[in-house]
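Computed from a predicted structure; not experimentally measured.
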Amino acid sequence: MNHIMRLAGIAALTVLVISSAAAQTPTGTVVGRVLDQQQAVVPKATVGLKSDTTNVERLTTSNEEGNYLFTLVSPGRYTVRVEAGGFQPAKYPIEVAVAASTRLDITLGLHELQQVVNVAGESGVAVQTENAMLGTTVNQNQIMELPSVSRNPYDFVAFAPGATDGRYARGIGFSVNGQRLESSSFLLDGSDNNNAYSTGPGQLVPLDAVQEYRLQTNNFTAEYGRTVGFIANVVTKSGSNNFHGGAYDFILNSALSTNTFENNARGLQKPVFNRHQFGGTVGGPIKKDKAFFFFAIEPILVRSSGPVSGRVPTPQLLALSSPGTQEIFKRFPLPSNLSTTDVLTRTVCPFGSTCNSQTGAGLVTLPALAFVSAGRGPINAGAGQPQNTYLLTSRIDYSIDNKTTLSGRYAFQNTNQ
């Protein structure tokens with residue numbers, strides 16, 4: 001069977017404005033309070049949030065209760081800068097996670113000397129202070145360092161508390177908190193990314209293009225109303241002020257594996273497979289401190305063949321079957337190499353007979369299903385289905401001003417499997 005799937009020209013355009021709210025956002029928030037050394041509030045303090053990679057800075061002012069808020073903050077590392085009249089300026093490093101709230105309360109010292117206080121060992125803590133949602137953030141270190149046979153970002157759903165593996169079922173094969181495998185929802189940069197037929201992600205992206213993602217598992221707020229299992233909110237990488245790139249080739253080959261126990265027991269040859277998953281990424285500035293790009297491409301080429309086997313009816317079973325069934329097997333005869341030892345026995349009622357299942361009257365016990373080897377053919381022998389898959393993701397981010405950011409993404413997927 002030849003199945004061809006094409007997802008081409010999938011583009012997303014997003015305008016992020018500080019003063020607006022966002023549904024199913026791929027961003028985070030930074031909240032906190034500015035205080036003096038006596039823990040009294042400091043109103044009208046200038047608070048800046050500056051990206052460590054792009055130098056783009058956003059500004060706000062603490063209110064009469066000393067509170068400040070940055071919404072729609074892209075995941076990444078930032079420096080919070082605080083200035084207020086009569087106090088020493090201070091800088092704090094923080095890290096913002098997708099769909100999470102990072103709280104940073106700031107204590108300012110009196111302005112006795114002209115200096116800036118750099119707080120190196122302290123940073124904001126990613127905690128949910130605005131809602132009761134529970135979840136796990138899969139960060140960049142985990143994505144890049146932990147092993148994944150298929151290099152599929154969604155393999156890391158296994159990190160979620162309460163996740164159990166049901167790999168050979170629908171969706172991506174994970175059940176969370178006892179919900180059905182189909183009870184999942186997928187977001188890509190905040191937009192819907194669901195394949196309703198397979199209950200999995202509609203658009204795949206290369207693992208090296210993923211910045212991080214948030215696995216939300218409990219107490220979803222209203223904008224996540226599609227499912228009750230889990231939500232995987234993936235955010236793709238963006239460029240920075242420096243050029244970065246890389247190339248890779250991940251190989252799975254049967255020469256480095258052994259035969260299966262079942263094949264050895266039946267005297268079958270080892271499957272042959274070869275999986276190449278290669279590609280590269282590049283990102284950097286279009287205009288420093290203003291516009292940035294990121295591009296990733298990944299072909300996945302799998303060739304895999306092995307013994308094709310199964311069970312078929314025995315001549316004894318066909319002899320007791322209906323005339324219609326017997327006609328089918330006259331047109332498509334049984335193989336001649338049926339096993340005489342690896343046979344399943346069944347108790348059946350012959351066609352046209354009257355049988356009593358309680359007393360056993362009329363029932364016949366006979367060898368019904370025999371194992372047969374049909375030679376070699378294309379199968380998933382441990383490296384995935386034989387396929388040619390091509391993934392491409394590109395993204396551009398443009399900072400219009402310190403209140404507005406424009407982001408565009410184009411993704412392409414072509415699979416012949």
Determine yes or no for a side-chain-to-main-chain donor-acceptor pair under 3.5 angstrom, with [X] supplying the side chain and [Y] the backbone.
X: Ser191; Y: Leu188; result: yes
X: Glu212; Y: Thr236; result: no
X: Lys288; Y: Asn55; result: no
X: Thr137; Y: Asn139; result: no
X: Asn337; Y: Ser373; result: yes
X: Gln326; Y: Ser321; result: yes
X: Lys270; Y: Thr260; result: no
X: Thr314; Y: Pro367; result: yes

Looking only at side chains, do [X] and [Y] share a donor and an acceptor under 3.5 Å apart?
X: Asn194; Y: Asp192; answer: yes
X: Gln387; Y: Thr389; answer: yes
X: Asn63; Y: Arg33; answer: no
X: Glu298; Y: Tyr248; answer: yes
X: Asp208; Y: Thr281; answer: no
X: Ser304; Y: Asn380; answer: no
X: Thr365; Y: Thr347; answer: yes
X: Asp397; Y: Thr405; answer: no

With a 4.5 Å cut-off on side-chain heavy atoms, are [Y] and [X] touching?
X: Ile143; Y: Leu207; answer: yes
X: Ile396; Y: Tyr410; answer: no
X: Val31; Y: Asn67; answer: no
X: Tyr213; Y: Leu215; answer: yes
X: Pro315; Y: Leu338; answer: yes
X: Phe70; Y: Thr102; answer: no
X: Arg275; Y: Ser150; answer: yes
X: Leu317; Y: Arg346; answer: no

Is the ring centre of Phe186 less than 6.0 Å from the ring centre of Tyr154?
yes
Kindly give the heavy-atom pair with the smallest separation between [X] and [Y], and that separation in Å.
X: Thr199; Y: Ser184; result: O-OG, 3.4 Å
X: Phe295; Y: Ser394; result: CD1-CB, 3.9 Å
X: Lys44; Y: Thr61; result: CA-CG2, 3.3 Å

In Thr29, Val98, Ile94, Leu49, the residue satisfying side chain to side chain contact (heavy atoms under 4.5 Å, CB included) with Val73 is Leu49
Around atom [atom1] of [X], are there more than 12 heavy atoms of other residues, nucleotides or ligands at under 6.0 Å?
X: Arg77; atom1: CZ; answer: no
X: Arg151; atom1: CZ; answer: yes
X: Gln385; atom1: CD; answer: yes

Measure from NZ or CZ of Lys50 to the centre of the six-membered ring of Tyr78, then state whether that distance is under 6.0 Å and the direction lies within 45° of the axis.
no
